[in-house]
2 protein chains.
Amino acid sequence: MADRRQPTLDEVAERAGVSRSAASRVINRAPHVSPAAREAVERAIKELGYLPNRTARALATQQTGIVALAVSHDDPQLFADPFYAQVIVGVSSVLEDTDLHLLLCLASSVRGRSRLTNLLRTRGVDGIMLMAMGAGDPLNQIVGDTGLPAVYGGRPPHVEPQYYVDSDNAGGARLATEHLIGLGRTRIVTIAGLPDSQAGEARHRGYREAMIMAGLTPYGAVEGDFTEAAGAAAMKTLLDRHPDLDGVFAASDNMAAGALRVLSAAGRRVPADVAVVGFDNLGIAQRTEPPLTTVHQSIQALGQEMTRMLIALIAGQDRTPVILPTRLVRRGSA
Amino acid sequence: MADRRQPTLDEVAERAGVSRSAASRVINRAPHVSPAAREAVERAIKELGYLPNRTARALATQQTGIVALAVSHDDPQLFADPFYAQVIVGVSSVLEDTDLHLLLCLASSVRGRSRLTNLLRTRGVDGIMLMAMGAGDPLNQIVGDTGLPAVYGGRPPHVEPQYYVDSDNAGGARLATEHLIGLGRTRIVTIAGLPDSQAGEARHRGYREAMIMAGLTPYGAVEGDFTEAAGAAAMKTLLDRHPDLDGVFAASDNMAAGALRVLSAAGRRVPADVAVVGFDNLGIAQRTEPPLTTVHQSIQALGQEMTRMLIALIAGQDRTPVILPTRLVRRGSA
DNA sequence: CAGATTTCCGGGAGCGCTTCCAGCCAGAAT
DNA sequence: ATTCTGGCTGGAAGCGCTCCCGGAAATCTG
């Protein structure tokens with residue numbers, strides 16, 4: 001553990017017999033350095049095992065080489081949702097080809113959020129990707145204030161951020177509903193998501209649009225918080241209110257799974273009596289009975305696009321929002 | 001977007017009418033500063049909205065205030081396992097009370113790994129937590145070379161790192177097996193994990209120990225890669241070889257779920273004919289038919305303990321490895 | 001009240017890198 | 001031979017902070 005000190009640029013320069021500036025130039029592939037000097041420096045670097053100190057470079061360039069992914073939400077367990085793991089896989093795959101690293105910030109408490117705002121204000125990162133932002137999250141304001149490049153994943157409710165990547169929630173819901181309609185169903189209800197989440201609202205809207213465009217009346221809707229339990233409860237209510245329903249569009253696979261359970265307990269056959277379509281195409285969709293027809297959105301792609309957009313912003317380019325397409329995955333339930 | 005420049009310490013000092021050193025002292029709560037000066041500086045800080053620049057401080061103190069969590073594995077999808085999300089929740093909960101931030105590094109390719117070693121060599125982080133390390137992972141070597149504080153989550157196979165946190169896999173497996181034995185089962189087989197994962201080996205060992213200590217002979221074992229499909233395949237093989245088996249210990253819940261499916265297809269009643277115990281206590285354990293009796297390990301606790309240990313190491317303290325307890329969760333399957 | 005502490009203060013030297021700039025020396029053009 | 005390019009080069013000034021250290025001031029001794 002003795003002297004792990006890394007060699008410095010000065011030492012490299014001295015060994016190569018050039019000035020520090022010259023050495024710096026060859027490291028940064030800057031012009032104005034003779035082949036001889038370049039070679040000498042490169043040899044010195046090799047011999048010394050030199051690597052530029054990240055922090056020093058960051059201070060000089062005003063660039064940290066780090067981007068943050070913030071999941072700001074009151075429930076710390078939210079992050080346990082496989083959704084975020086997929087986002088991260090996508091983000092990482094893009095970052096892998098850059099010199100940027102990923103800082104992960106779960107800001108679920110007041111303390112956590114203040115740490116995050118501190119990080120931004122102290123210029124601890126070059127840019128930030130935000131997810132699961134609530135409506136009144138003060139972070140929105142702060143991110144704006146700092147002027148740091150910021151990309152939203154999904155849109156926070158009631159505001160349209162300048163830069164964001166989102167799935168085509170409304171389009172996906174239309175896809176799902178149209179599929180049910182195509183099956184000849186007419187008494188189609190929806191288990192909607194929370195209306196104060198942008199995705200929930202958009203999926204509900206897509207359902208309504210599809211119904212109306214087909215000349216049908218939206219047949220019934222109950223909201224749930226995207227969980228299996230909520231889906232089950234909603235399904236019970238809907239069966240009560242509309243015993244003759246023949247189609248269900250659930251705004252999440254988890255809710256669809258709960259609905260499936262309730263339908264089966266109520267003696268309805270799926271898809272014969274009631275056809276069901278979910279949303280998300282999570283792993284659970286393959287394990288329900290019957291397997292769930294659902295709307296697929298590529299969450300990795302979401303992560304990738306967010307990252308690409310952020311990198312562009314950091315590089316000073318401008319970008320327009322990106323809406324990612326969704327597609328229907330047909331399985332047994334519809 | 002005009003001039004987002006944050007005020008510097010110099011400006012604070014000037015405004016407060018003191019020297020930069022004095023200002024620095026009040027910020028770092030160092031002694032030797034008069035109440036008057038302190039108050040003046042604090043007012044100036046408030047008025048200017050000053051926050052110390054992270055990078056500059058890092059350069060001066062040689063501490064970045066960032067710790068890394070590295071998941072080094074060839075399969076990028078491995079990270080999608082909810083396991084890691086739980087670890088991260090645990091890690092974050094501890095970091096929340098510190099000034100440290102979390103850098104997440106998915107090193108699944110050669111390029112990814114070299115980025116990671118670079119990060120370490122360039123002193124981009126103050127310490128690192130390593131998970132899912134393969135046996136011959138060059139990272140092991142590099143981490144040792146850099147002399148950076150490093151904590152392992154789980155143990156890599158065939159080596160015993162100096163600092164690690166691990167679940168009591170062998171103990172948990174004993175618990176599970178003893179439970180089956182306590183139920184009167186004697187022809188107990190195991191669906192073991194991969195023997196080149198430390199957890200797989202330990203769980204298999206625990207099973208054997210419990211059997212032998214009870215005077216029983218290990219009745220049969222087939223290895224699987226922890227997935228549901230592998231569990232199903234293994235169960236088929238085991239039923240073939242030992243049609244009279246009456247107990248199954250599966251080294252993961254996913255494998256247990258696969259086994260359950262196969263058993264039911266084969267007409268065996270669970271737990272009447274065959275009792276089944278899993279390991280991990282994942283969400284899936286509650287959704288199998290019947291619900292799965294399994295061994296619970298707190299993955300969040302794993303993340304928390306790793307983080308605490310790393311923080312201690314960074315502070316220059318020494319620590320001994322931590323083995324986290326497991327407990328049996330009794331549900332319907334055994 | 002002189003002398004010995006203690007406390008407080010600011011100057012200045014880093015931390016390791018980038019980058020501006022003025023000076024240099026080829027070789028090309030006149 | 002003289003001027004003019006224009007690619008090299010190294011000195012030096014940062015980036016914003018910490019922290020050592022010598023001196024000034026305030027406090028405590030007897």
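Residue numbers start from 1 in every chain, and the chains themselves are labelled A, B, ... in the order their sequence lines are given, proteins ahead of strands.
- For the residue pair Y163(A) and D318(A), a side-chain donor N or O sits within less than 3.5 Å of a side-chain acceptor on the partner.
- A heavy-atom distance below 4.5 Å is not found between the side chains of Q304(B) and V91(B).
- Side-chain atoms of Q300(B) and S93(B) include no donor-acceptor pair closer than 3.5 Å.
- A donor-acceptor contact shorter than 3.5 Å is absent between the side chain of S24(A) and the backbone of R20(A).
- Between the side chains of S72(B) and R113(B), at least one donor N or O lies within less than 3.5 Å of an accepting N or O.
- Here the P atom of nucleotide dC17(C) and the CG atom of D10(A) are 8 Å apart, to the nearest Å.
- Each end of the helix from dC1(C)-dG30(D) to dT30(C)-dA1(D) yields a helix axis from five base pairs, and these two axes differ in direction by 40° (to the nearest 10 degrees).
- Without hydrogens or angle criteria, E11(A) side chain to T8(A) main chain gives a donor-acceptor distance under 3.5 Å.
- Between the CD atom of Q63(A) and the C1' atom of dT19(C) there is a distance of 15 Å, given to the nearest Å.
- The interatomic distance linking E14(A) (CD) with dC17(C) (P) rounds to 14 Å, in whole Å.
- Atom P of nucleotide dG16(D) and atom CZ of R57(A) are separated by 18 Å, given to the nearest angstrom.
- Under 3.5 Å, the side chains of D126(A) and T64(A) contain a donor-acceptor pair of N or O atoms.
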With the criterion being N/O to N/O and under 3.5 Å, what pairs connect the protein with nucleotides 8-15 of chain D, and how long is each?
residue, atom, partner, partner atom, Å
dT9(D), OP1, S34(A), OG, 2.8
dT9(D), OP2, S34(A), N, 2.9
dT9(D), OP2, S34(A), OG, 3.3
dG10(D), OP2, S19(A), N, 2.9
dG10(D), OP2, S19(A), OG, 3.2
dG10(D), N7, S21(A), OG, 3.4
dG10(D), N7, R25(A), NH2, 3.0
dG10(D), O6, R25(A), NH2, 2.5
dG11(D), N7, S21(A), OG, 3.3
dG11(D), O6, S21(A), OG, 2.9

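- Rounded to whole Å, atom P of dC19(D) lies 6 Å from atom CG of N28(B).
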